[in-house]
K.L.:
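Here you go, one structure.
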Number of protein chains: 2
Amino acid sequence: MAGAGHFGRGPAFHIPALAVIGVGLIGGSLALALKRRGRVGRVIGAGRSRASLEKALRLGAIDAIAAHPAEAAQAADLIFLSAPVGATAGLLEAIAPALDADKIATDAGSVKGGVCAAAQAVLGARAGRFVPGHPVAGKEHSGVGAASADLFQNHNAVITPLAHTDAGALETVRRMWRAVGARVITLPPELHDQVLALTSHLPHVLAYAMVDLFAASAAADAADRAAGPGLYGDMAAGGFYDFTRTASSDAEMWRDICLMNRAQILPHLAAFAGRLERLGQLIEQADGAALERLFAAARNTRTQVAERRPPAAPATST
Amino acid sequence: MAGAGHFGRGPAFHIPALAVIGVGLIGGSLALALKRRGRVGRVIGAGRSRASLEKALRLGAIDAIAAHPAEAAQAADLIFLSAPVGATAGLLEAIAPALDADKIATDAGSVKGGVCAAAQAVLGARAGRFVPGHPVAGKEHSGVGAASADLFQNHNAVITPLAHTDAGALETVRRMWRAVGARVITLPPELHDQVLALTSHLPHVLAYAMVDLFAASAAADAADRAAGPGLYGDMAAGGFYDFTRTASSDAEMWRDICLMNRAQILPHLAAFAGRLERLGQLIEQADGAALERLFAAARNTRTQVAERRPPAAPATST
């Protein structure tokens with residue numbers, strides 16, 4: 001039962017037993033997506049929260065609860081790590097003994113440099129069985145209760161192979177993502193982290209900072225006017241709501257991303273602060289022509305990005 | 001035919017002739033909303049772009065095109081100014097001769113302090129017939145082609161009366177907004193501008209700055225790697241897309257808002273820059289506990305704001 005043979009060939013891709021370590025939005029959605037498409041036999045869940053695992057069981061995302069990650073890994077053909085990315089190194093240690101030549105492991109971490117380094121350090125000769133990945137999909141709500149079989153449809157799944165990643169393992173993980181409707185993109189981990197720091201991590205940080213300021217201003221206003229928190233909340237209409245959608249994401253997940261990808265996030269943050277300062281100067285100098293040029297160019301850029309967006313994607317984040 | 005008599009009484013609110021000066025998203029939506037509810041007789045449009053006015057005519061938002069704002073005002077009982085807010089003072093001058101005791105004028109400008117000052121300076125004794133207003137609704141797409149009869153449903157319409165605003169005129173404008181499903185909120189203009197600078201104007205400025213940085217980074221990357229602009233665009237998934245939705249708003253409109261409300265926007269911008277710097281320091285210091293606290297608090301705040309959001313609102317911005 002060596003190589004990728006037991007995952008089927010051609011259109012018959014099938015995972016006999018899948019372990020999902022960390023059954024939240026992403027892990028739950030992958031399990032549901034594979035199940036709905038008949039691409040998985042049995043799903044074994046493991047994770048820190050017994051309540052979440054029981055909920056996943058009730059929702060049909062998983063079929064069994066393992067006592068710990070190693071037990072789930074032992075019982076599975078493919079092991080999917082979908083806990084907050086800071087937990088990945090520890091989970092790789094936990095599953096390492098089970099990761100023989102018959103098994104494949106992959107992950108969903110939003111930072112890939114740290115994950116790749118951890119995999120090489122922790123897994124040693126078994127690192128070839130681990131395929132670092134990142135499905136670029138999400139939602140403002142987290143937890144298995146928000147999981148959906150359509151989450152990855154028309155979204156990108158990035159694969160960042162290690163130097164010695166096994167070709168069969170790589171192909172199996174690619175087929176898994178394609179099976180749930182994703183478009184697979186292969187990137188070096190450093191490039192992934194650099195691009196995602198700008199397109200995903202920075203917007204999240206800005207949204208958190210905006211809500212942080214909003215809360216402080218609303219509280220100060222309520223205290224000043226003894227008026228309750230109502231007015232700022234009432235006025236926080238659509239624009240604010242869309243802008244800060246990402247600030248509803250899971251705090252622990254984003255803590256880990258900020259910590260693990262800080263080398264890439266900090267330069268983008270500094271560049272953003274510089275751009276914002278320049279924009280503030282244009283406003284201060286009442287330079288209407290320059291403001292209009294900047295706004296029109298930004299609108300044009302966003303329209304181009306919107307046109308590249310895959311069709312019929314469900315509401316997303318991350 | 002003095003006072004608010006010709007707008008009907010009780011549930012029979014009706015505008016015999018409405019002038020819409022600037023028939024874009026907001027003006028077109030008000031016309032369509034009043035028409036669909038049988039609350040308006042005839043709509044006369046005026047504006048800079050003949051093509052837009054002809055489109056508005058084809059779409060049924062307006063029934064006639066006036067040669068200039070004064071002609072539209074002359075023919076109307078209620079005059080609605082919905083051009084970019086920087087044009088308001090000039091338009092008030094243009095309609096002033098027509099603004100007798102039988103007519104009412106109101107506007108949709110996102111900045112109210114400057115509009116109120118202009119109204120008092122330009123209209124003099126007739127300022128009582130002008131009711132400054134701001135329907136807090138919008139969309140990422142602009143122009144009459146994006147107009148919708150549902151745009152104001154369950155949204156706030158802010159009224160910021162002048163010291164001598166006529167009580168009948170005020171009540172008529174309130175009834176107009178209620179007739180199209182909006183919730184009317186009365187605020188002093190300074191407070192409106194202070195709150196909106198935080199909840200709407202700042203997020204727009206941040207979204208523009210984010211897209212500005214994105215475009216520069218994507219261009220630099222494409223030049224570095226001779227790889228075309230693809231990768232950054234491919235990775236600009238849901239989070240980026242939601243976050244920057246407001247950067248698709250009309251450039252001229254937002255130029256005017258930034259210029260007219262800069263006294264309120266600049267302090268919020270400085271406060272934001274301070275919060276962002278602090279967040280950057282937490283990332284730099286790898287202070288996971290503080291990051292998680294900040295993110296969790298922001299998530300909590302946003303959830304509270306989301307709970308206060310009116311039900312069944314269509315996709316919005318502004």
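Proteins get letters first, then strands, A, B, ... in listed order; numbering begins at 1 in each. The figures that follow rest on heavy atoms only: side chains count, while hydrogens, waters and symmetry mates do not. These numbers were taken from a predicted model, which means no experiment stands behind them.
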K.L.:
Would you say that more than 12 heavy atoms from the other residues, nucleotides or ligands in this model lie under 6.0 Å from the CZ of B:Arg178, or not?
P.N.:
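For B:Arg178, atom CZ is crowded (more than 12 foreign heavy atoms under 6.0 Å).
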
K.L.:
Filter on ring-ring contact (aromatic ring centres under 6.0 Å, His included), then keep only pairs touching residues 281-306 of chain B, sequence neighbours left out; what's left?
P.N.:
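Every pair satisfying ring-ring contact (aromatic ring centres under 6.0 Å, His included) with a residue in residues 281-306 of chain B: A:Tyr208-B:Phe295.
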
K.L.:
Using a cut-off of under 4.5 Å on heavy-atom pairs, state which of B:Gly288, B:Ala290, B:Ala296, B:Gly86 scores highest against chain A.
P.N.:
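The candidate making the most pairs under 4.5 Å is B:Gly288.
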
K.L.:
Counting only heavy atoms not in B:Gln281, do more than 12 fall under 6.0 Å of its CD?
P.N.:
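Counting other residues, nucleotides and ligands, CD of B:Gln281 exceeds 12 neighbours.
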
K.L.:
Any idea which of B:Leu266, B:Leu202, B:Leu291, B:Thr303 has the most non-hydrogen atom pairs under 4.5 angstrom with chain A?
P.N.:
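Top count of heavy-atom pairs under 4.5 Å with chain A: B:Leu266.
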
K.L.:
Could you tell me the separation between the CZ atom of A:Phe272 and the CG atom of B:Asp212, rounded to the nearest 0.5 Å?
P.N.:
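Those atoms lie 9.0 Å apart.
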
K.L.:
Give the minimum heavy-atom separation between B:Val211 and A:Ala298, together with the two atoms involved.
P.N.:
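Shortest heavy-atom separation between B:Val211 and A:Ala298 comes out as CG1-O, 3.3 Å.
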
K.L.:
Could you give the distance from OG1 (B:Thr199) to OH (A:Tyr232), rounded to the nearest 0.5 Å?
P.N.:
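Rounded to the nearest 0.5 Å, the OG1-OH separation comes to 8.5 Å.
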
K.L.:
With rounding to the nearest 0.5 Å, note down the distance linking CZ in B:Arg245 to CZ in A:Arg302.
P.N.:
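Interatomic distance, B:Arg245 CZ to A:Arg302 CZ, rounded to 0.5 Å: 6.0 Å.
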
K.L.:
Quick one: of A:Ser217, A:Ala270, A:Ala251, A:Ala207, who has the most non-hydrogen atom pairs under 4.5 Å with chain B?
P.N.:
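Among A:Ser217, A:Ala270, A:Ala251, A:Ala207, the one with the most close pairs to chain B is A:Ala251.
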
K.L.:
If you tally heavy-atom pairs under 4.5 Å against chain B, which of A:Asp250, A:Asp287, A:Val158, A:Leu282 wins?
P.N.:
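Heavy-atom pair counts peak at A:Asp250.
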
K.L.:
What distance separates A:Ile283 CD1 from B:His201 NE2, expressed to the nearest 0.5 Å?
P.N.:
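A:Ile283 atom CD1 to B:His201 atom NE2 measures 11.0 Å (nearest 0.5 Å).
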
K.L.:
Keeping the roles fixed (side chain from B:Arg255, backbone from A:Ala289), state whether a donor-acceptor pair exists under 3.5 Å.
P.N.:
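Side chain of B:Arg255 to backbone of A:Ala289, a donor-acceptor pair under 3.5 Å: no, none is there.
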
K.L.:
For chain B, which of A:Leu276, A:Ile185, A:Ile265 has the most heavy-atom pairs under 4.5 Å?
P.N.:
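Of A:Leu276, A:Ile185, A:Ile265, A:Leu276 has the most heavy-atom pairs under 4.5 Å with chain B.
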
K.L.:
Relative to chain B, which segment of A:Asn300 carries a heavy atom at a distance below 4.5 Å: side chain, backbone, both, or neither?
P.N.:
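Neither part, no heavy atoms under 4.5 Å.
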
K.L.:
Show, in sequence, the C-alpha distance, side-chain angles and deciding distance for B:Ser142 and A:Arg299, and conclude whether the side chain to side chain donor-acceptor pair (under 3.5 Å) test is met.
P.N.:
CA-CA 11 Å; B:Ser142 46; A:Arg299 181 185 190 166; 2.8 Å; yes

K.L.:
Looking at CG of A:Leu213 and CG of B:Leu206, how far apart are the two atoms once the value is rounded to the nearest 0.5 Å?
P.N.:
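If I round to the nearest 0.5 Å, the distance is 9.0 Å.
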
K.L.:
Would you name the heavy atoms of B:Leu259 and A:Ala286 that are closest together and state the gap between them?
P.N.:
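Closest heavy-atom pair between B:Leu259 and A:Ala286: CD2-CA, 3.4 Å.
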
K.L.:
Could you have a look at B:Glu277, B:Arg275, B:His268 and say which one has the most heavy-atom pairs with chain A under 4.5 angstrom?
P.N.:
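If we count pairs closer than 4.5 Å to chain A, B:Arg275 comes out on top.
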
K.L.:
Would you mind reporting whether B:Leu191 and A:Leu231 have side-chain heavy atoms less than 4.5 Å apart?
P.N.:
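Contact flag for A:Leu231/B:Leu191 side chains = yes.
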
K.L.:
Between A:Ala215 and B:Thr301, what is the shortest heavy-atom contact and its length?
P.N.:
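Here A:Ala215 and B:Thr301 meet closest at CB-OG1, 3.7 Å.
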
K.L.:
Which atom pair, heavy atoms only, marks the closest approach of B:Ala236 to A:Val305?
P.N.:
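Looking at all heavy atoms of both residues, the shortest contact is CB-CG1, 3.7 Å.
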
K.L.:
Tell me the closest heavy-atom pair linking B:Val205 and A:Leu279, and the distance in Å.
P.N.:
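Taking every non-hydrogen atom into account, O-CD1, 3.7 Å.
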
K.L.:
Report which part of A:Arg293 has an atom under 4.5 Å of a heavy atom belonging to chain B: side chain, backbone, both, or neither.
P.N.:
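For A:Arg293, neither part sits under 4.5 Å from chain B.
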
K.L.:
Could you tell me if the side chain of B:Leu198 sits less than 4.5 Å from the side chain of A:Met235, heavy atoms only?
P.N.:
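The answer is no; the side chains never approach within 4.5 Å.
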
K.L.:
Is there any salt bridge (charged side-chain N to carboxylate O under 4.0 Å, His left out) pair reaching into residues 256-270 of chain B, and which pairs are they, with sequence neighbours excluded?
P.N.:
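Non-adjacent pairs meeting salt bridge (charged side-chain N to carboxylate O under 4.0 Å, His left out): zero.
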
